[in-house]
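Worksheet: one structure, shown below.
Only heavy atoms go into these numbers, but all of them, side chains included; no hydrogens, no water, no symmetry mates. Reminder, nothing fancy here: chain letters follow the sequence lines and each chain counts from 1. No experiment lies behind these values; they were computed from the predicted model shown.
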There are 2 protein chains.
Amino acid sequence: MARLAGVSRATVSYVLNNTSAVRISEPTRRRVREAAKELGYVPHAAARSLRAGHSRMVLMPAPTVPVGPLYGRFINELQWALGRLDYTVVQYGTVGVHGDEAVRAWAELRPVAILAPGSGLDARGVAVLRRSGARAVVTLGPEAVEGAHALLMDHETVGHCAGRHLYDRGRRRIGVVVPREPGLGVFSGPRLEGVRRAVRGTGATVTELPLAYEEAAAARLAARWRELGLDAVFAYNDEYAMLLMRALQDEGIAVPGETALIGADDLMLGRLLRPRLSTVRIELPSGRDLAELVDRAVRDPAAPPERRTVLGAAVVHRESS
Amino acid sequence: MARLAGVSRATVSYVLNNTSAVRISEPTRRRVREAAKELGYVPHAAARSLRAGHSRMVLMPAPTVPVGPLYGRFINELQWALGRLDYTVVQYGTVGVHGDEAVRAWAELRPVAILAPGSGLDARGVAVLRRSGARAVVTLGPEAVEGAHALLMDHETVGHCAGRHLYDRGRRRIGVVVPREPGLGVFSGPRLEGVRRAVRGTGATVTELPLAYEEAAAARLAARWRELGLDAVFAYNDEYAMLLMRALQDEGIAVPGETALIGADDLMLGRLLRPRLSTVRIELPSGRDLAELVDRAVRDPAAPPERRTVLGAAVVHRESS
DNA sequence: TTGAAAGCGATACCAA
DNA sequence: TTGGTATCGCTTTCAA
């Protein structure tokens, strides 16, 4: 590269980085630029960050559980916002790698910041990451981790909203669907707990309803519905709600007449059901806000960990409850 | 690190990489391992790959358009399979960055392979990537790109299946939903074309139906349904099909009596509708196969580009058609 | 069995 | 205005 332009590697570096401390003549700049174009030269990020001692990479371990369209939009927005702040967002696939091993794999890349969704990170993990040069570690999940900033997304709130709503509508025997699918426990556990809290001390009952995401399983559950004696159910989310609604209706159980039904996530499909599905709308943090938090944390790595509750939940009342 | 264990950096490298060419005494190994643990030492991937001259990173530009749950599962499987072959999969968020700029950003990371979904890559881009050291470039999309391996996922097949099915069921005036959402054109265009091909020369007509993913838009379309005089519709996918089905039914149009309806993707929600939704099941390539293709390409970078059609489509006939 | 040293590519300082 | 050179952290060859 340097040879082709007939200049030194240093000069190449100056030109391509527009280094203002050094003045390079216009003809030289042109020669360098042309040579770069001709060779298809692209600088080597690893070499650069090795020399610089830091990178602009924000690493996000990709969640292993299938997660809805809301999350996808959130990620996209976040990437865009971080991109505007000149960070490079990289999603790291961590399927089949756990705990310490995963943390080490992340640390090897020496990202300037880590945004870890879910709960795969403990205080030791945070320490390893910080020692390896990460200037910010942010967790997105139900609980804060020592030493890391936390965006608290506690799905307990979601359950609480749903439970409260059903209780307010006069329901007293409330079922809560708990998906059997592995990996969803981090969400379903807190949601169930939220419903419990909503009716605590009222005499209303809460019944856990394990359910696999299959028609046959829903049919079996519906078949013993009357003996369960429930007058309402929080179906975990809109998709499970749709599954259960069809099964209940096939069984001749009126929704909401005999059993009220509420989902969560406010997906389009809920609006299209008959009856239209009541749901808990979940508000994820704005990508821009989160990007700013990351940027602040990177600029001031010594600042005390911030913990912010960012998961909003609100009932959207339609026809099914 | 080396100091703490009282050995040289070389020895540390030997121990942590289990270098078999060199014998290190057991006590030394222990000392090194303990020091590493105590310090939370993690090797520096950039330095390593700089020295080695290559990495094991497989880079996947993340698709910018919201894409369904099928794709998510495919990615997960692929990551797992590539992980088993000792590659590191990294999804690179490319929102708001285009063409050359994006290619350069990818090339900076010097990945050993690139898996590019969609159509953001041209022959020049491939050349830049290869010159920058990528041993394999694989595109996942509707058409092959010069110099790159191609997994041809031509959605024309999907439309063809749907069109053929509707024609075989005796329908002659076929509507095709084309989402207004930007970014979906890469899929909807070929699907529409596939329907056209299916009925070419038969006298059956194909009508393009632009539709936004909103209830109001669907209602407007349904309101003028009778004047369109269609007896069948391919609704792009199951979600649009659900949207349209509700709107048609609200308008008093019988499905499938007056208008047959078919979706695509074979989502659970289609099975739960009344009538149950006919659909085109799409079969993505298996992650394991793709991982093996990548591995082969990396091992033999000079091999001629392989192009393989990997998108299977089959009608699942239910009640709506 | 271990250590010293070269070198990967880019940057930044200092000298020319 | 430019070029030489040390440096980042790691691997690997060669020598001790």
Side-chain angles (χ1 to χ4, degrees), chain A residues 1-33 35-36 39-57 88 104-112 128 131-135, chain B residues 1-33 35-36 39-57 86 88 104-105 107-112 128 131-135:
Chain A
M1 163 68 206
R3 251 200 304 278
L4 186 89
V7 299
S8 78
R9 303 179 328 169
T11 308
V12 171
S13 175
Y14 293 142
V15 172
L16 297 182
N17 293 301
N18 284 315
T19 309
S20 51
V22 186
R23 306 226 162 282
I24 306 282
S25 69
E26 203 39 60
T28 306
R29 305 182 92 90
R30 247 206 322 280
R31 275 217 313 287
V32 171
R33 291 231 172 77
L39 292 174
Y41 169 84
V42 176
H44 193 305
R48 167 181 291 161
S49 66
L50 182 58
R51 172 63 232 238
H54 61 259
S55 72
R56 296 287 288 175
M57 182 198 298
T88 286
R104 298 171 64 90
W106 306 339
E108 285 196 352
L109 297 178
R110 296 291 192 278
V112 68
V128 169
R131 260 202 302 269
S132 80
R135 294 167 67 88
Chain B
M1 163 71 207
R3 252 200 304 277
L4 187 89
V7 299
S8 78
R9 302 178 330 167
T11 309
V12 172
S13 176
Y14 292 142
V15 172
L16 296 183
N17 293 300
N18 281 317
T19 309
S20 51
V22 188
R23 308 227 160 279
I24 306 280
S25 67
E26 202 41 57
T28 306
R29 304 183 92 90
R30 245 206 324 278
R31 274 217 314 286
V32 171
R33 291 232 173 77
L39 291 174
Y41 170 84
V42 176
H44 193 305
R48 167 184 288 161
S49 67
L50 184 58
R51 169 67 228 231
H54 61 259
S55 73
R56 297 287 288 177
M57 183 197 298
D86 204 34
T88 285
R104 297 171 64 90
E108 284 197 352
L109 297 178
R110 295 292 192 278
V112 68
V128 169
R131 262 202 302 269
S132 80
R135 294 167 66 88

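- Between the CZ atom of B/Arg30 and the P atom of C/dT1 there is a distance of 15 Å, given to the nearest Å.
- At C/dT11, one or more side-chain N or O atoms of A/Arg48 fall inside 4.0 Å of OP1 or OP2 (strictly under the cut-off).
- Here B/Thr19 lies out of heavy-atom contact (under 4.0 Å) with every strand.
- Across the protein-nucleic acid pair, A/His44 atom NE2 and C/dG7 atom P stand 18 Å apart, rounded to whole Å.
- Counting non-hydrogen atoms of neighbouring residues, nucleotides and ligands closer than 6.0 angstrom, the CZ atom of A/Arg104 reaches no more than 12 such neighbours.
- A straight line from NE2 of A/His54 to P of C/dT11 spans 11 Å, rounded to a whole angstrom.
- Sequence order on DNA chain D of the closest nucleotides to B/Val22 and B/Ala45 puts B/Ala45 first from the 5' end.
- For the pair A/Ser49 (side chain) and A/Ala45 (backbone), a donor-acceptor distance under 3.5 Å is present.
- Separating the CZ atom of A/Arg31 from the C1' atom of D/dG3 is a distance of 13 Å, rounded to the nearest angstrom.
- For the pair A/Thr28 and D/dT2, the criterion of a side-chain N or O lying under 4.0 Å from OP1 or OP2 is met.
- Comparing A/Tyr14 and A/Pro43 along DNA chain C, the residue whose closest nucleotide (by nearest heavy atom) sits nearer the 5' end is A/Pro43.
- Distance A/Leu16 CG to C/dT11 C1': 12 Å, rounded to the nearest Å.
- Between B/Asn17 and A/Ala52, the one whose closest nucleotide on DNA chain D sits nearer the 5' end is A/Ala52.
- Remark: C1' of D/dG9 and CG of B/Leu39 are 15 Å apart, rounded to the nearest angstrom.
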Criterion side-chain contact (heavy atoms from CB on, under 4.5 Å) on B/Arg48 and B/Asn17, from CA distance to verdict: CA-CA 11 Å; B/Arg48 167 184 288 161; B/Asn17 293 300; 3.4 Å; yes
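- Closest contact between the side chain of A/Arg9 and the listed nucleotides C/dG3, C/dT11, D/dC10 involves C/dT11.
- At D/dG3, one or more side-chain N or O atoms of A/Thr11 fall inside 4.0 Å of OP1 or OP2 (strictly under the cut-off).
- Comparing C/dC8, D/dC10, D/dT2 by their closest approach to the side chain of B/Leu50 singles out C/dC8.
- Within 6.0 Å of CZ in B/Arg135 there are more than 12 heavy atoms belonging to other residues, nucleotides or ligands.
- Both B/Arg51 and B/Ser25 lie near DNA chain C, and the one whose nearest nucleotide falls closer to the 5' end is B/Ser25.
- Remark: P of D/dA16 and CZ of B/Arg23 are 23 Å apart, rounded to the nearest angstrom.
- At least one donor-acceptor pair closer than 3.5 Å links the side chain of B/Arg131 to the backbone N or O of A/Leu39.
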